[in-house]
Amino acid sequence: MYITFHKCFIVVLHALVVVARQDRRNVLFIVADDLRTSLGCYGDVTVKSPNIDQLASKSHVFLNAFAQQAVCAPSRTSMLTSRRPDTTRLYDFKSYWRVHSGNYTTLPQYFKSQGYVTMSVGKVFHPGIASNHTDDYPYSWSIPAYHPSSFRFEKEKMCKGEDGRLHANLLCAVNVTEQPGGTLPDMESGDEAVRLLKTQASDGNPFFLAVGFHKPHIPFRIPQEYLHLYPIEHMTLAPDPNVPKSLPPVAYNPWTDIRKRDDVQKLNISFPYGPVPKDFQLRIRQHYYAAVSYVDAQVGRLLSALDTLGLAQSTIVVFTSDHGWSLGEHGEWAKYSNFDVATRVPLIFYVPEPPASYSVLKESTFPFVDVFSPSEVIFKTDQIVENVVELVAIFPTVSHLAGLKTPPPCPEMSFKEELCTEGRNLAHEFKPKKKKINEEAVSFSQYPRPADTPQENSDLPDLKDIKVMGYSLRTYDYRFTLWLGFDPKTYQVNVSDVHAGELYMLVDDPGEDNNVYDDFEQHSMMMIRTKMKNMPPTVSVQTRMNLQLLYLTAGMKINAREAQ
């Protein structure tokens, strides 16, 4: 009789666990590669991004979200561990944080520990040493990460040139039927992600599915038909295509990886400041926008499948990018800087309504939108958040939205803390009444340099070569950057060793073209540096710079009043 009772108890307990799992929200985490805020929902009037705009129309959209470092591996590691690059100690592509700095719990690992099935498709972690050549499996994922087989052709000569031969070009619009396997990496990733969604829909267990699309990362190896969306005669140059005179040389990104492409090498552009010919600039911008529309179509496929499978009502969708990309602004291309165009990213949270609010006859949530059709989704939502936020905030925010306990804030020194966050939970920003701009909200980004002037390795220096670290503080009104001496052996920054500074007044200068750092009287700058130097060594660079910016801007306001 005891055995019978025990069996019944186990059956009932199992049933309760299944019900509890079914009540938990799934997560679909979508991350694009090198996608700046060139989306319709972010006010870009050139781009065609109807599927992402449709997602945004039903979501909370953060207009001022920033990455912590504008290059793939450091940014993705920071985002997925919720730790800043100075904590992961990853500034390049050549170390694994669990060995190099600390055994930090990742976002998918945390969900896995809470009973979720966690899956990775495409480029989520940066592949290679930075994720232990396994995409951090088995720590982060329930099954090995999936990578599209066609990605191995990305760096090969796949682009047909005017001579009819194949080249390793930057501009690489192709006939997909002529590509190996008749496909491209993001198409393969989309297929695999849909397959996994179908599996999970029938399984019933809560899941965390991360899907990383490779585009618009270079080369622009995309289906050629997407170029037709952007006739070259309709393309325009960046509004500020020249290198600003007030830009410190250490801040300049010489876009070395772009120069290595066959079609760019033929242009014979002088290093480091030689401008790209205007006709080629237009073609780069055309191909970038076409790549964005190509990614939009893959996102649309994924969301449509989520909808068709009946998962849209139980799945949180997060859409973001690892960092932005310069399209000729400041005479720069690619990422590798602290400017808005390189650090600002889309950040969109779709949070499904409670099940009770849905009816059987409810319209489809995410019907696929054909970007080539004349009808396009017009972005419209009252769930816009303008406050400055950071990608390290994704971990605590998604945890909260899914009903999990939010990781605790990290202490000042957190190398031994496996589970904590250096971001903040953004869920309170979702409340419709919080419309007032928080001028004190800040985002911190950083970028390393090997020297004070542009070098061949300025864009991506190895750790051992880093001599200067540019710390950048972004508020709603200002961007403030200090380039400080850095010791790669000790990972220590010397706050007294100021190599250069930048200060941009965003109200009057949204493109960050006029650096007014040197416009202040010398004694004022000396006073600020003295204040920084006299602070206790335990005070972080971020705290120091925040106080410094408050001091600077307070002075501006006083001077403005005196001038009236």
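All figures in this text were calculated on a predicted structure; none of them were measured in a lab. All residue numbers refer to positions in the sequence shown, counting from 1.
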Closest non-hydrogen atom pair between F271 and P454, with its separation: CE2-O, 3.9 Å
With the side chain counted from C-beta on, respond yes when C72 and H217 share a heavy-atom pair under 4.5 Å apart, and no when they do not. yes
So which heavy atom on Y476 is nearest to which on V388, and how close? N-CG2, 3.7 Å
Under 3.5 Å, side chain of R285 to main-chain N/O of L327, donor-acceptor pair present? yes
Measure the OH-CG distance between Y471 and L473 for me, rounded to the nearest 0.5 Å. 13.0 Å
Which distance, rounded to the nearest 0.5 Å, do you find between the OH of Y91 and the OG1 of T88? 7.0 Å
Please check this pair: side chain of R259 against backbone of P254, looking for a donor-acceptor N/O pair closer than 3.5 Å. yes
Between D262 (side chain) and A168 (backbone), is there a donor-acceptor pair under 3.5 Å? yes
At their closest point, which heavy atom of Y42 faces which heavy atom of P346, and how far apart are they? OH-CA, 3.3 Å
Restricting to non-hydrogen atoms, name the atom on P450 and the atom on S458 that form the minimum distance, rounded to 0.1 Å. CD-CA, 3.6 Å
For residues D135 and H147, is any side-chain donor paired with an opposing acceptor at under 3.5 Å? yes
Using the ring of each side chain (for Trp, its six-membered ring), is F208 parallel, tilted or perpendicular to W141, with breaks at 30° and 60°? tilted
Show the numbers, then the answer: is there a side-chain contact (heavy atoms from CB on, under 4.5 Å) between I269 and L267? CA-CA 6 Å; I269 302 169; L267 300 174; 3.8 Å; yes
Mind checking whether V468 and F486 have side chains closer than 4.5 Å, heavy atoms only? no
Are the side chain of K112 and the backbone of P138 linked by a donor-acceptor contact shorter than 3.5 Å? yes
No-hydrogen, no-angle side-chain donor-acceptor test under 3.5 Å, S140 and T106: yes
Side-chain H-bond candidate by donor/acceptor type, E188 with S149, under 3.5 Å: yes
Would you call the rings of Y116 and F111 parallel, tilted or perpendicular if under 30° counts as parallel and over 60° as perpendicular? perpendicular
Can you check whether L35 reaches Y288 side chain to side chain, under 4.5 Å on heavy atoms? yes
Residue pair V498 / L482, side-chain heavy-atom distance below 4.5 Å: yes
Interatomic distance, S321 atom OG to I30 atom CD1 [nearest 0.5 angstrom]: 12.5 Å
Would you say the side chains of R83 and S78 form a donor-acceptor pair under 3.5 Å? no
If every non-hydrogen atom of Y447 is compared with every non-hydrogen atom of A70, which pair is closest and at what distance? CE1-O, 3.7 Å
Before you tell me yes or no, could you show the steps for E456 and T256 under side-chain contact (heavy atoms from CB on, under 4.5 Å), namely the whole-Å CA-CA distance, both residues' side-chain angles and the distance that decides it to 0.1 Å? CA-CA 7 Å; E456 288 289 339; T256 308; 3.8 Å; yes
Assess, by modelled atom type and distance only, whether the side chains of H214 and D33 contain a donor and an acceptor separated by less than 3.5 Å. no
Distance in Å, D459 CG paired with N253 CG, rounded so as to fall on 0.5 Å steps: 4.5 Å
Step-by-step ring pair (Phe, Tyr, Trp, His ring centres under 6.0 Å) determination, Y504 to Y478: CA-CA 6 Å; Y504 302 101; Y478 308 99; over 10 Å; no
Under 3.5 Å: donor-acceptor pair, side chain of T105, backbone of E418: yes
Worked verdict on E390 versus R474 for salt bridge (charged side-chain N to carboxylate O under 4.0 Å, His left out): CA-CA 10 Å; E390 307 174 282; R474 174 62 154 84; over 6 Å; no
Between CZ on residue F213 and CG on residue D296, distance to nearest 0.5 Å: 10.5 Å
Among side-chain atoms of E386 and N64, is any donor-acceptor pair under 3.5 angstrom? no
Just checking, any donor-acceptor pair under 3.5 angstrom between side chains of D513 and H330? yes
Go through the steps for Y517 and T481 under the test side-chain contact (heavy atoms from CB on, under 4.5 Å), then give the verdict. CA-CA 9 Å; Y517 180 82; T481 304; over 6 Å; no
List the steps and the verdict of side-chain contact (heavy atoms from CB on, under 4.5 Å) for H167 and D263. CA-CA 8 Å; H167 300 270; D263 49 353; over 6 Å; no
Any donor-acceptor pair under 3.5 Å from E422 side chain to R84 backbone: yes
Using a 3.5 Å distance criterion without hydrogens, assess whether the side chain of N132 forms a donor-acceptor pair with backbone atoms of T134. no
Ignoring hydrogens, what is the shortest heavy-atom contact between G470 and N338? Give both atom names and the distance. O-ND2, 3.2 Å
Any R344 side-chain heavy atom under 4.5 Å of R36 side chain: no
Can you see whether Y491 has R89 sitting over its ring - NZ or CZ less than 6.0 Å from the centre and within 45° of the normal? yes
Candidate pair D322 and R76, rule salt bridge (charged side-chain N to carboxylate O under 4.0 Å, His left out), full reasoning: CA-CA 6 Å; D322 50 1; R76 290 167 184 267; 3.0 Å; yes
Is there a donor-acceptor pair under 3.5 Å between the side chain of T397 and the backbone N or O of L426? yes
Under a 3.5 Å cutoff, is there a donor and acceptor pairing between the side chains of S445 and Q68? no
Could you check whether any side-chain N or O of S120 sits under 3.5 Å from a backbone N or O of A145, counting only pairs where one atom can act as donor and the other as acceptor? no
May I ask you to establish whether R221 and F153 are in a cation-pi arrangement, using a distance under 6.0 Å from NZ or CZ to the six-membered ring centre and at most 45° from the ring axis? no
Answer yes or no: does atom CD of E440 have more than 12 heavy-atom neighbours from other residues, nucleotides or ligands under 6.0 Å? no
Does some side-chain heavy atom of T453 sit less than 4.5 Å from a side-chain heavy atom of Y252? no
Quick one about W333 and Y336 (side-chain donor to acceptor, distance below 3.5 Å, no hydrogens or angles considered), yes or no? no
Are the side chains of T320 and F29 in contact, using a 4.5 Å heavy-atom criterion? yes
Taking side chain as C-beta onward, heavy atoms only, is I394 less than 4.5 Å from L347? yes
D477 side chain to E439 backbone, donor-acceptor under 3.5 Å: no
Do we see a donor-acceptor contact under 3.5 Å between the side chains of Q446 and D86? yes
N103-R98 side chain donor-acceptor pair, cut-off 3.5 Å: yes
Do D136 and Y96 pair up side chain to side chain, a donor and an acceptor below 3.5 Å, judged on atom types alone? yes
Spacing of CG belonging to L237 relative to CD belonging to Q281, to within rounding of 0.5 Å: 5.0 Å
L39 pairs by side-chain contact (heavy atoms from CB on, under 4.5 Å) with which of V292, D44, V61? V292
